[in-house]
Amino acid sequence: MSEMTLVKPALKWKDAYINYYKEWLESGETMIPWVIEKDPYAFDEMIEFLENNERGVYLPPGWVPDTTYWMMDKQERIIGVTNIRHKLTDRLRKEGGHIGYSIRPSERRNGYATTLLRLSLEKAWEMKITDVLVVCDQWNTGSWKAILKNGGKEDQDFVEEDGNVVKRFWISRK
């Protein structure tokens, strides 16, 4: 696995991000984390939206500030995206957590989720979030294995109205 780094979204990586976005569209899967659903073809607007979210500007009622990073390899190819929420609401405490992350479909099962979560935790700790809640759907064994490899301690599961089980884990700074 080549060396990975987290970068803030920026215009200079537009082509890399469009490539990442297209792969998600072609996969037909639900886009995770939620920020990658944002249409990147108005790229400047998307970047401004992400920057505003980080500053807590123009947030819808009930939303919290969040910071988005792209995980890139040495070739400046986006391998994954992470979104770190600065604090938790009651809803996020049940089913959202502090960190939402994903790996592009073609790069799964290569250990990248563990790396992306480790790098995301480092950023969360820099933000002074010492106890980090990370969640995933029960069926997503790759995600909960990455969480456990990063020191996740299981908490009580949350069952959504449709019966989906959300596994909840806490990771504390050592």
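Start at 1 with the first residue, then count along the sequence. What you see is a predicted model, and the numbers here were worked out from it, not measured in a lab.
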[atom1] of [X] to [atom2] of [Y]: how many Å apart, nearest 0.5 Å?
| X | Y | atom1 | atom2 | answer |
| --- | --- | --- | --- | --- |
| Leu116 | Leu6 | CG | CG | 6.5 Å |
| Ile129 | His98 | CD1 | NE2 | 4.5 Å |
| Leu59 | Asp66 | CG | CG | 7.5 Å |
| Cys136 | Ile99 | SG | CD1 | 12.5 Å |
| Ile147 | Lys153 | CD1 | NZ | 13.0 Å |
| Thr115 | Lys149 | OG1 | NZ | 9.5 Å |

Look at the side chain of [X] and the backbone N and O of [Y], then say whether any donor-acceptor pair between them is shorter than 3.5 Å.
| X | Y | answer |
| --- | --- | --- |
| Arg104 | Ile79 | no |
| Asp73 | Glu76 | yes |
| Asp162 | Asn164 | yes |
| Asn110 | Glu107 | yes |
| Arg173 | Ala124 | no |

Can [Y] be reached from [X] by stepping across I, L, V, M, F, W or Y side chains whose heavy atoms are under 4.5 Å apart?
| X | Y | value |
| --- | --- | --- |
| Ile47 | Val57 | no |
| Leu148 | Leu119 | yes |
| Ile84 | Leu121 | yes |
| Val166 | Trp139 | no |

Exercise for the section: State, with a plain yes or no, whether a side-chain heavy atom of Arg168 is found less than 4.5 Å away from one of Arg93. Expected result: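 A side-chain contact under 4.5 Å exists here.
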Exercise for the section: Answer whether the closest heavy-atom distance between the side chains of Tyr20 and Pro40 falls below 4.5 Å. Expected result: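 No - every pair of side-chain heavy atoms lies 4.5 Å or more apart.
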Problem - Qualifying ring pair (Phe, Tyr, Trp, His ring centres under 6.0 Å) pairs, either residue in residues 54-88, two or more places apart - result: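 For residues 54-88: Tyr17-Trp70, Trp34-Trp63.
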Problem - Residue pairs involving residues 140-174 (criterion ring pair (Phe, Tyr, Trp, His ring centres under 6.0 Å); sequence neighbours excluded) - result: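 Residue pairs with at least one partner in residues 140-174: there are none.
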Looking at [Y] and [X], is any side-chain nitrogen of the basic one under 4.0 Å from a carboxylate oxygen of the acidic one?
| X | Y | result |
| --- | --- | --- |
| Glu29 | Arg108 | yes |
| Glu54 | Lys8 | yes |
| Glu26 | Lys22 | no |
| Glu154 | Lys167 | yes |

Exercise for the section: Report yes or no: do Asn83 and Arg85 form a side-chain donor-acceptor pair below 3.5 Å? Expected result: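 Side-chain D/A pair, Asn83 to Arg85: present.
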Problem - Modelled atom types, side-chain donor and acceptor of Arg77 and Asn19, under 3.5 Å - result: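 Absent: no donor and acceptor within the cut-off.
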Exercise for the section: If you link ILVMFWY side chains whenever their heavy atoms are less than 4.5 Å apart, which other residues fall into the same cluster as Val165? By chain and number, please. Expected result: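 Direct or chained contacts put Val165 with Val159.
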Practice task
Quick one: do Leu88 and Val64 satisfy side chain to side chain contact (heavy atoms under 4.5 Å, CB included)? Show the steps, please.
Solution key: CA-CA 7 Å; Leu88 298 177; Val64 299; over 6 Å; no
